[in-house]
Amino acid sequence: MDGKRDTILFKLFGSSVSYMRRCLFSVLSVGPVPNHLAFILDGNRRYAKKWNLGEGMGYRAGFLSLMSLIKYCYELGVKYVSIYAFSIDNFRRRPEEVQCVMDLMLEKIEGLLREQTLVNQYGVRVYFIGNLKLLHEPVRLAAEKAMKATSNNNNSILLICVAYTSTDEIAHAAQESCEDKWALIRSSVNEENDANDVIKLSDIESHMYMRVAPDPDILVRTSGETRLSNFLLWQTSNSLLFSPKALWPEIGLRHLVWAVLNFQRAHPYLERRRKQP
């Protein structure tokens with residue numbers, strides 16, 4: 001009987017928390033709601049050291065926080081969520097640590113494909129963004145499978161930046177723009193150079209990895225750090241930067257609420273900046 005009573009109380013408590021969260025989001029929705037939130041997941045290793053956790057446990061704790069935060073974003077009405085999961089520079093870390101992250105990534109992608117709880121509940125389309133050929137082959141194949149499996153979803157978008165740096169993205173976009181322009185010039189019967197031979201800003205942007213999403217409204221980096229660490233340098237010139245002191249596994253609903261409130265306060269200024277030529 002005690003176990004059954006505890007189960008009922010737990011469900012009632014969960015329902016009450018969910019109801020209060022919906023009420024809170026209804027109040028926030030009176031103001032402008034960000035369309036795109038981006039997150040730098042900083043502090044997983046420091047969290048593990050702080051609590052004397054084993055190898056890789058900080059990343060696992062961070063994954064739980066990530067799932068909760070993504071859920072909160074979609075409940076609030078945020079359509080695009082981007083996360084900086086693994087930088088190209090991170091491949092220079094100890095091989096054991098890199099392998100641990102790759103194994104965890106593979107495990108979670110395969111879990112997503114098996115259950116698709118979050119994906120189905122919110123109609124999430126998943127993109128893996130970056131130089132994917134640098135990933136370990138099982139991870140790359142699983143990422144491609146996840147993108148294909150969710151390609152018909154369009155309610156919300158989750159962009160997972162792996163094997164990514166902004167400088168690599170810009171270099172990739174510039175190279176592809178040059179190749180496309182050169183192919184167009186060679187195929188043209190008109191040998192005269194004109195304005196169409198010039199590479200434009202729109203040419204670069206059309207080849208960016210992040211072309212599938214609008215620029216972020218808010219960039220959140222945990223651990224109190226204010227560095228962008230080579231993440232979305234091209235896309236964040238008019239984004240609000242929010243830097244809570246919490247390590248990534250410690251981030252929660254209150255941090256998201258403060259980020260949105262700061263965005264709403266700064267929204268008129270940010271809109272004026274975006275409209276400037």
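Fair warning: this is a prediction, and the values are worked out from it, not measured in the lab.
- In this structure, E110 does not pair ionically with K145, as no charged nitrogen and carboxylate oxygen lie closer than 4.0 Å.
- Residue R254 places its CZ atom among 12 or fewer non-hydrogen atoms of other residues, nucleotides or ligands, all under 6.0 Å distant.
- Two residues are said to be in side-chain contact when any heavy atoms from C-beta on lie closer than 4.5 Å; R45 and Y59 meet this criterion.
- When only modelled atom types and interatomic distance are considered, S166 and N230 share no side-chain donor-acceptor pair under 3.5 Å.
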**Item:** Intermediate values then yes/no, side chain to side chain donor-acceptor pair (under 3.5 Å), N153 and Y122
**Value:** CA-CA 9 Å; N153 296 344; Y122 296 100; over 6 Å; no

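- Proximity of L159 to V81: side-chain heavy atoms (C-beta onward) are nowhere separated by under 4.5 Å.
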Expected list for residues 62-72: side-chain donor-acceptor pairs under 3.5 angstrom, two or more places apart:
residue: S65; atom: OG; partner: P249; partner atom: O; Å: 2.7
residue: S68; atom: OG; partner: L64; partner atom: O; Å: 3.4

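- With hydrogens and angles disregarded, no donor-acceptor distance shorter than 3.5 Å links the side chain of K245 to the backbone of E225.
- One distance of note links CD of E169 with CZ of F231; it measures 9.5 Å at 0.5 Å rounding.
- Using a 4.5 Å heavy-atom threshold, the side chains of R21 and L253 count as touching.
- In this structure, H36 NE2 and T236 OG1 are separated by 10.5 Å, a value rounded to the nearest 0.5 Å.
- Formation of a donor-acceptor pair under 3.5 Å by the D103 side chain with backbone atoms of C100 is not found in this model.
- The shortest distance between side-chain heavy atoms of V162 and I129 does not fall below 4.5 Å.
- A chain of hydrophobic side-chain contacts below 4.5 Å, direct or via other Ile, Leu, Val, Met, Phe, Trp or Tyr residues, connects L24 to F242.
- Using a 4.0 Å cut-off between charged side-chain N and carboxylate O, D42 and R227 make no salt bridge.
- Counted by atom type alone, D180 and H207 present one or more donor-acceptor pairs between their side chains at under 3.5 Å.
- Not a single donor-acceptor pair under 3.5 Å links the side chain of S239 to the backbone N or O of I218.
- At least one side-chain heavy atom of Y74 sits less than 4.5 Å from a side-chain heavy atom of L158.
- Within a 6.0 Å radius of CD in E96, other residues, nucleotides and ligands contribute more than 12 heavy atoms.
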**Message:** Go through it in stages, so that I can follow the logic: the residues are K181 and E176, the test is salt bridge (charged side-chain N to carboxylate O under 4.0 Å, His left out), and I'd like the CA-CA distance, side-chain angles, deciding distance and then a yes or no.
**Reply:** CA-CA 8 Å; K181 191 65 67 174; E176 288 205 340; over 6 Å; no

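- In this structure, CD in E271 is found 8.0 Å from CG in D217, a value given to the nearest 0.5 Å.
- A heavy-atom distance below 4.5 Å is not found between the side chains of Y127 and T150.
- Classified by interplanar angle (parallel below 30°, tilted 30° to 60°, perpendicular above 60°), the ring pair F86/F91 is perpendicular.
- Contact of the I157 side chain with the V124 side chain is not registered, since no non-hydrogen atoms from C-beta on lie closer than 4.5 Å.
- Under the 30°/60° scheme for interplanar angles, the aromatic rings of Y84 and Y164 are found to stand perpendicular.
- Clustering ILVMFWY residues whenever any of their side-chain heavy atoms sit less than 4.5 angstrom apart, transitively, puts L28 in the very cluster that holds L37.
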**Trace of the side-chain contact (heavy atoms from CB on, under 4.5 Å) decision for V260 with L76** = CA-CA 10 Å; V260 173; L76 178 59; 3.7 Å; yes

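- Remark: E144 does not engage K148 in a salt bridge, criterion side-chain N to carboxylate O under 4.0 Å.
- Y209 and I204 sit in two unconnected hydrophobic clusters of ILVMFWY residues. Membership requires side-chain heavy atoms under 4.5 Å apart, directly or through other members.
- L270 and V33 fall within the same hydrophobic cluster, defined by Ile, Leu, Val, Met, Phe, Trp and Tyr side-chain heavy atoms under 4.5 Å apart, directly or through other members.
- A donor and an acceptor atom, one from each side chain of S229 and R221, are located under 3.5 Å apart.
- Under 3.5 Å, the side chains of E205 and Q235 contain no donor-acceptor pair of N or O atoms.
- A chain of hydrophobic side-chain contacts below 4.5 Å, direct or via other Ile, Leu, Val, Met, Phe, Trp or Tyr residues, connects V257 to L240.
- Taking CG of L41 as the reference point, atom SG of C161 lies at 9.5 Å (rounded to 0.5 Å).
- Of the N and O atoms on the side chains of S18 and R22, at least one donor lies less than 3.5 Å from an acceptor on the other residue.
- A donor atom on one side chain and an acceptor atom on the other are not found under 3.5 Å apart for E250 and Y47.
- A salt bridge between R93 and D89 is absent, with no side-chain N of the basic residue lying under 4.0 Å from a carboxylate O of the acidic one.
- Side-chain atoms of R265 do not come within 3.5 Å of backbone N or O of N262 as any donor-acceptor pair.
- Between K79 and P214 the shortest side-chain heavy-atom distance does not fall below 4.5 Å.
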